[in-house]
Amino acid sequence: MEFQQQFDVIVIGGGHAGTEAALAAARMGSRTLLLTHSVDTLGQMSCNPAIGGIGKSHLVKEVDALGGAMAQATDRAGIQFRVLNARKGPAVRATRAQADRVLYRNAIREILESQPGLSIFQQPVDDLLLEGGRVAGAITQMGLVFRAPAVVLTTGTFLGGKIHIGMENSAGGRAGDAPAIALAQRLRELPFRVERLKTGTPPRIDARSVDFSVLEEQWGDAGAPPMSFLGHRDQHPAQRCCWITHTNEQTHEIIRGGLDRSPMYSGVIEGIGPRYCPSIEDKIHRFADKQSHQIFIEPEGLTTTELYPNGISTSLPFDVQYALVRSIRGLENAHITRPGYAIEYDFFDPRDLNYSLETRAVPGLYFAGQINGTTGYEEAAAQGLLAGLNAALAVQGKEPWCPRRDEAYIGVLVDDLITMGTREPYRMFTSRAEYRLLLREDNADLRLTEKGRDLGLVDDVRWQRFETKRNAIAHESSRLATTWIQPGSSEAAIVASKIKGTLTREYSLADLLRRPELHYVDIAGLKGEPLADTQAAEQVEIQAKYAGYIERQQGDIERLRRSENLLLPESLNYQAVDGLSHEVKQKLSEARPATLARAGRIPGVTPAAISLLLIYLKKRG
Ligand code: FAD
């Protein structure tokens with residue numbers, strides 16, 4: 001058979017963005033090539049061995065709802081699962097899994113290798129093939145030319161990557177991997193705005209040198225909640241404990257003593273680092289009055305003794321790293337297996353992208369992942385999936401799919417990047433989504449799987465499971481609304497004991513479910529058979545309990561959509577708008593957005609503020 005060099009879609013980079021991009025394009029029927037430095041590092045987690053967390057699991061579950069791999073790989077690799085914010089409302093609840101690095105990589109590789117229509121080839125890409133102002137393919141280090149009308153670039157931290165440990169620095173894409181220098185230079189010749197960012201990672205520690213007896217244990221949740229809609233806890237490998245320890249005054253003293261040799265504080269590093277994942281030297285400097293910082297000690301996997309001390313990312317010189325680690329309780333005799341480091345890399349201003357993630361300057365070329373100024377595996381995976389599916393749509397001559405802010409966190413992520421750009425590594429939070437009550441992780445499938453099916457991303461197995469669940473929710477919600485409990489009945493007595501009161505009139509099961517003291521398990525079996533599917537049952541409960549809030553948010557969206565293009569006069573005096581906070585007035589006065597929709601995208605300008613603005617404009621006539 002001839003060596004294939006013509007494809008529909010080429011994806012460059014086999015990280016979290018690249019693997020989802022390649023899978024999405026191939027699922028949609030495109031002949032897809034994934035070109036990457038090394039087949040052995042497909043799906044490699046460059047930093048912490050964990051997937052999910054607040055805001056991030058929402059993205060993972062959306063990728064999953066659209067048929068992606070990240071959540072399924074997490075279920076096969078997760079060694080500790082927890083639901084964060086479990087006691088808070090469902091909008092901010094998030095699943096986080098500690099993952100075995102090797103199992104995760106293996107799972108991703110197996111999913112890639114079983115995907116029909118997807119070829120994998122190991123070679124660094126040094127150049128892009130451009131023809132008539134469009135991308136036409138990629139050229140590898142050994143001069144092989146692969147052609148395709150759409151190319152998705154997902155090279156992560158590798159473009160012009162520079163690794164720093166103390167005052168020493170060297171070229172690298174991440175520890176142990178070569179950077180992409182030739183490609184970075186080539187991209188700098190094209191009309192993209194390029195800047196530098198940085199990120200860092202902590203030193204790793206050998207568990208055999210740690211005194212666990214003085215550390216606080218932290219186990220996962222008993223139910224080990226799966227990450228994927230198709231996942232089940234029986235798939236999870238053995239579960240492991242994590243531990244908690246803290247820095248102390250001595251640690252802080254050691255760090256302060258090393259700051260003169262810190263590449264960050266001596267001006268060697270120019271790139272800005274992640275605000276929400278700062279290095280330990282940054283935390284000591286910024287929060288000078290804090291006497292201690294929490295550190296999570298997380299296992300790197302089931303077959304290694306390496307530990308990841310989450311919270312002490314650093315680029316201080318190695319002697320300072322060594323001393324600071326050994327000043328921490330439980331780590332007094334710790335053996336460091338790998339030094340921590342920071343990495344600086346090129347990223348492209350995402351304001352130069354279309355909503356489909358296609359670059360404006362080079363048609364057919366898409367950017368996804370860390371190169372768009374984001375940080376995190378989940379943010380990368382979400383962009384990869386979107387870029388891959390839009391590349392496939394473009395090749396089929398179809399319109400792109402660009403989810404709105406009220407449809408998906410993926411929409412929020414892309415809208416934030418494209419309208420505002422970023423000056424520091426961007427990570428997702430639930431607070432970035434103004435419609436977070438609608439965009440919950442528990443309903444990612446209900447929001448997106450049907451769309452995924454239409455796009456060709458969702459296979460029959462997922463679709464059938466989804467339809468079964470959706471039908472079960474509909475039937476059960478209607479059963480609860482039409483099943484009545486009479487006052488004085490034996491069922492009413494059971495309810496009364498739970499609510500510590502009496503039922504004085506007839507109530508439907510749906511009415512009862514809206515009461516804060518009652519849950520689905522309390523009322524569903526009072527009359528008739530409760531649902532066996534716990535996911536569907538959870539959905540019935542959330543939809544009933546939050547119906548009022550959800551309707552109100554849907555109303556906000558409808559109103560905003562109807563008035564999205566409403567022009568805001570240049571001369572508008574925001575100080576005169578009743579009810580707006582001082583902060584919102586100031587933000588609007590400074591930004592002077594042209595339309596109501598743009599006003600709504602300014603961070604901190606809430607849907608409630610937009611409603612007030614709308615009322616003011618209507619009154620003003
Ligand atoms: P990557 O996962 O980096 O994947 C890029 C892929 O492209 C790799 O497979 C690479 O081999 C390939 N590639 C690159 N250039 C070429 C080329 N020319 N030809 C062929 N293939 C190429 N995230 C957090 O959320 N929190 C953190 O604390 C954090 N710390 C980090 C610390 C370090 C040191 C590093 C390196 C990353 C850190 N990250 C952190 C970021 C996280 O690793 C990334 O956000 C995520 O991996 C981005 O995914 P990606 O697919 O965009 O890129």
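Index from 1, following the sequence. Read the numbers this way: they start at 1 and go in the same order the structure lists the ligands and their atoms.
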*Asks:* Without hydrogens or angle criteria, can the side chains of Glu378 and Ser57 be said to hold a donor-acceptor pair below 3.5 Å?
*Replies:* no
*Asks:* For this output row, return yes or no: ring centroids of Phe3 and Phe121 closer than 6.0 angstrom.
*Replies:*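 Ring centroids of Phe3 and Phe121 are less than 6.0 Å from each other.
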*Asks:* Should the pair Lys198-Glu344 be classified as a salt bridge under the 4.0 Å nitrogen-to-oxygen rule?
*Replies:* no
*Asks:* What residues sit with at least one heavy atom under 4.0 Å from ligand 1?
*Replies:* Ile12, Gly13, Gly14, Gly15, His16, Ala17, Leu35, Thr36, His37, Ser46, Cys47, Lys56, Gln123, Pro124, Val125, Thr154, Thr155, Gly156, Thr157, Phe158, Arg174, Ala180, Leu183, Thr199, Gly200, Thr201, Cys277, Tyr341, Ile343, Gly369, Gln370, Thr375, Gly376, Tyr377, Ala380
*Asks:* Mind checking the CG-CD1 spacing from Asn310 to Ile297? Nearest 0.5 Å is all I need.
*Replies:* 9.0 Å
*Asks:* Tell me the ring pair (Phe, Tyr, Trp, His ring centres under 6.0 Å) pairs involving residues 163-196, sequence neighbours left out?
*Replies:*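 Every pair satisfying ring pair (Phe, Tyr, Trp, His ring centres under 6.0 Å) with a residue in residues 163-196: Phe192-Phe348, Phe192-Phe367.
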*Asks:* When you check the gap from the basic side-chain N to the acidic O, do Asp40 and Arg109 get nearer than 4.0 Å?
*Replies:*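 Salt bridge flag = yes for Arg109 with Asp40.
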